[in-house]
Amino acid sequence: MTEPINQEARGPVTPARRNRLTDGPEALFVYGTLQFDAVLEALLGRVPPRTPASAQGWRAAALEERVYPGLVAAPNATTLGLLLTDLSTEEWAILDAFEDDRYDLRKVTLTSGDSGWAYIWADGDIRAEDWNADDFAARHLQQYAARCARISAELAKGAIDAVK
């Protein structure tokens, strides 16, 4: 089942969302749809530098009736992902608006010993199984990236307003 991107929920950056970025996050650990070049390109207009990374004690959980995952605590799990670096203030604001208030932005320790910021799922509807990136790529990526491209201008406008 393909869930449409809720354009209202992914609207402009509000003061509450801006507050999530006040600690000056540096690197972003991504574990779901933001691992895909097509999604990053649609949202940011580029693919930022990235390196493989993983986070022990977390899993990318499949979510009810959603094609994207949520990072949830799981003591015996390790989630594979990427560490995005060199994000501009505007790009952080775009990604923060994209991830919206259903996620908490928190610092996580990576298996390398480094840390990165990650969007932690805080909204419920967690399924028992892990999210499957290969299944997402085969079944949903093209349509999902197209939707991201359609909302990117609104997200960018909110980001510009937020950093002024």
Query raised in the report: Going through the distances and angles, do Y103 and W121 end up as a ring-ring contact (aromatic ring centres under 6.0 Å, His included)?
Result: CA-CA 5 Å; Y103 291 90; W121 184 252; 4.9 Å; yes
Query raised in the report: Could you walk me through whether L110 and V108 pass the side-chain contact (heavy atoms from CB on, under 4.5 Å) check?
Result: CA-CA 6 Å; L110 304 173; V108 297; 4.2 Å; yes
Query - Evaluation steps, side-chain contact (heavy atoms from CB on, under 4.5 Å), between R127 and L63 - result: CA-CA 5 Å; R127 297 175 63 170; L63 303 173; 5.7 Å; no
Requested in this report: Determine, stepwise, if the pair L83 / L28 fulfils side-chain contact (heavy atoms from CB on, under 4.5 Å).
Outcome: CA-CA 5 Å; L83 195 62; L28 177 63; 5.9 Å; no
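One distance of note links CG of N132 with CZ of R139; it measures 9.5 Å at 0.5 Å rounding. The structure places CG of L84 at 9.5 Å from CD of E91, a figure rounded to the nearest 0.5 Å. Expressed to the nearest 0.5 Å, how far OG of S152 lies from CG of L43 amounts to 6.5 Å. Distance check, rounded to the nearest 0.5 Å: CD of E26 to CG of L87 gives 11.0 Å. Rounding to the nearest 0.5 Å places CG of L155 at 13.0 Å from CZ of R150. Note: F29 CZ to S115 OG = 12.0 Å, rounded to the nearest 0.5 Å.
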Mind listing the side-chain donor-acceptor pairs of residues 71-82 below 3.5 Å, one per line with the distance, residues two or more places apart or on another chain?
{"unit_1": "T79", "atom_1": "OG1", "unit_2": "W58", "atom_2": "O", "d": "2.7"}
{"unit_1": "T79", "atom_1": "OG1", "unit_2": "R59", "atom_2": "N", "d": "3.2"}
{"unit_1": "T79", "atom_1": "OG1", "unit_2": "A60", "atom_2": "N", "d": "3.2"}

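When all heavy atoms of A149 and A42 are compared, the closest pair comes out as N-CB, 3.6 Å.
The one candidate from L44, L141, V30, V47 that meets the side-chain contact (heavy atoms from CB on, under 4.5 Å) condition with V39 is L141.
For an aromatic pair to be called close, the ring centres must be under 6.0 Å apart, and Y119 with Y31 fails this. Aromatic ring centres of F136 and W131 lie closer together than 6.0 Å.
Listed for the Q35 side chain is a donor-acceptor partner under 3.5 Å among the backbone atoms of G32.
Contact check for R66 versus D125: side-chain heavy atoms found under the 4.5 Å cut-off. Side-chain contact check for D101 versus D123: every heavy-atom pair is 4.5 Å or farther apart.
Here salt bridge (charged side-chain N to carboxylate O under 4.0 Å, His left out) pairs that include residues 31-41, with residues two or more places apart or in two chains, are D37-R50.
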